[in-house]
Amino acid sequence: MKKKVSGGMTMIEMLIVLTISVVVFWVSTSMVTGLFYSDERSKQEQLLDRAKDQLEQEFGERVRWAKEIEDREDGVKLDGVNYQLRGGRIMKEGKAITPDRVVVEAFEIENLSTDSHYQSLEIKVEMRDKMISSVHDSMRMVVSQRKTAIGGENG
Amino acid sequence: MRDKIRNQRGYLAVEAMMAVVIFVVMVIGLFSAVGFLATRARGAGSDTEAGLIMQEGIEVGYNILMTGWMRFGEGEYFPARSTVERGGKGEWVLLPGKENGVKAKYARWIEIERVCRIPVGEEQAGERTNCLGGEIDLNSRLIRSVVEWEEEGEWKRIEEELVVAKI
């Protein structure tokens with residue numbers, strides 16, 4: 001009689017331990033998978049951040065010191081260099097300046113200056129990751145054309 | 001013998017439970033560390049965002065001065081877009097005061113000040129000085145762009161100055 005009760009208790013204990021182990025391993029696997037996915041997502045967010053930094057640097061310097069700025073329907077022309085949105089990428093004279101993995105959904109430029117000699121551009125870019133569409137970001141920057149004069153006899 | 005066997009079976013369950021508890025504690029500790037690092041990363045993102053807002057203030061202030069030198073006097077303003085005077089096309093204007101709630105958390109404003117310089121004939125003539133002892137330079141004005149925000153109970157502030165010359 002006692003032997004049977006002891007055998008039943010051993011199996012129940014084992015079942016409990018197995019059940020708890022399965023639950024713990026399932027939860028930890030879900031967490032690790034989530035970590036891996038968020039790591040991958042984090043990498044793509046970093047890629048978008050780098051693309052934004054590159055665009056801010058490119059347009060910041062180009063617009064600030066441009067002698068000639070022309071509004072274009074699909075972009076802008078800075079000192080004869082065309083910037084356009086083509087096939088989800090921003091092109092500079094036909095060469096892409098955004099990564100292949102980044103899809104640019106919108107590229108808008110608006111001049112908010114009252115004087116054509118001192119243009120002030122608001123540049124907006126909406127972008128997303130090509131593979132993980134939920135990873136998206138936007139850039140908005142304002143940059144004003146500078147005028148400089150060198151001092152001296154001829155200044 | 002039976003007692004010995006019974007005690008050994010009960011001990012196996014206890015060992016397994018302890019292993020599970022230790023494992024869970026380790027996992028919680030690991031995820032707490034990850035959460036701490038994520039919080040630090042978010043703080044760095046706020047600084048970058050504030051920097052962009054501050055830079056926008058400088059850019060708008062510069063354009064406003066260059067397109068209308070005395071259009072705005074000394075004081076505190078914030079940049080805004082107006083479509084009143086250009087038939088629906090936007091243009092920059094400065095509105096008096098400070099703007100709160102920029103991107104839900106930042107306050108920003110632009111300060112426009114006069115620039116004073118050490119008078120000609122004195123040592124370091126032409127250098128900027130306070131306006132009590134210096135001469136007002138009518139061809140220069142100072143733009144100061146300021147951004148403030150609260151983060152984790154602490155107030156942060158960044159500012160940048162630009163002296164603009166009328167040319």
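These numbers come from the heavy atoms of this one structure, side chains and all, not from hydrogens, waters or symmetry mates. Here is how names work: the chains are called A, B, and so on, in the same order as the sequence lines, proteins then strands, and each is numbered from 1. Please read all numbers here as calculations on a predicted model, not as lab measurements.
- Note on B/Val120 and B/Leu138: separate hydrophobic clusters, where clusters join Ile, Leu, Val, Met, Phe, Trp and Tyr whose side-chain heavy atoms are under 4.5 Å apart, directly or indirectly.
- Between B/Tyr62 and A/Lys147, the closest heavy-atom pair is OH-N, 3.2 Å.
- By the 4.5 Å heavy-atom criterion applied to side chains, B/Glu59 and A/Met141 are not counted as neighbours.
- Contact between B/Val60 and A/Ser144 at its shortest, heavy atoms only, is N-OG, 4.3 Å.
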Mind running side chain to side chain contact (heavy atoms under 4.5 Å, CB included) on A/His117 and B/Met66 for me, showing each step along the way?
CA-CA 9 Å; A/His117 296 103; B/Met66 298 311 287; over 6 Å; no
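- B/Leu142 and B/Met54 fall into different hydrophobic clusters, defined by Ile, Leu, Val, Met, Phe, Trp and Tyr side-chain heavy atoms under 4.5 Å apart, directly or through other members.
- For a residue to count as touching a neighbouring chain, one of its non-hydrogen atoms must lie under 4.5 Å from one of that chain's; by this rule A/Glu56 touches chain B with the side chain only.
- In the hydrophobic cluster analysis, where Ile, Leu, Val, Met, Phe, Trp and Tyr join through side-chain heavy atoms closer than 4.5 angstrom, A/Ile123 is grouped together with A/Ile69.
- Residues A/Tyr118 and B/Val163 are members of separate hydrophobic clusters, defined by side-chain heavy-atom contacts under 4.5 angstrom among Ile, Leu, Val, Met, Phe, Trp and Tyr.
- Of the two parts of A/Glu122, only the side chain, counted from C-beta on, holds a non-hydrogen atom closer than 4.5 Å to a non-hydrogen atom of chain B.
- To the nearest 0.5 angstrom, A/Asp115 atom CG is 11.5 Å from B/Ile64 atom CD1.
- Hydrophobic clustering, with ILVMFWY side chains joined whenever heavy atoms are under 4.5 angstrom apart, keeps B/Val164 apart from B/Val93.
- The one candidate from A/Ser120, A/Ser113, A/Ser116 that meets the side-chain contact (heavy atoms from CB on, under 4.5 Å) condition with B/Thr67 is A/Ser113.
- In this structure, chain B has heavy atoms under 4.5 Å from both the backbone and the side chain of A/Arg146.
- Under a cut-off of 6.0 angstrom, the local environment of CD in B/Glu74 is crowded, with over 12 non-hydrogen atoms contributed by other residues, nucleotides or ligands.
- Counting only heavy atoms from C-beta outward, the side chains of B/Arg81 and A/Leu112 approach each other to under 4.5 Å.
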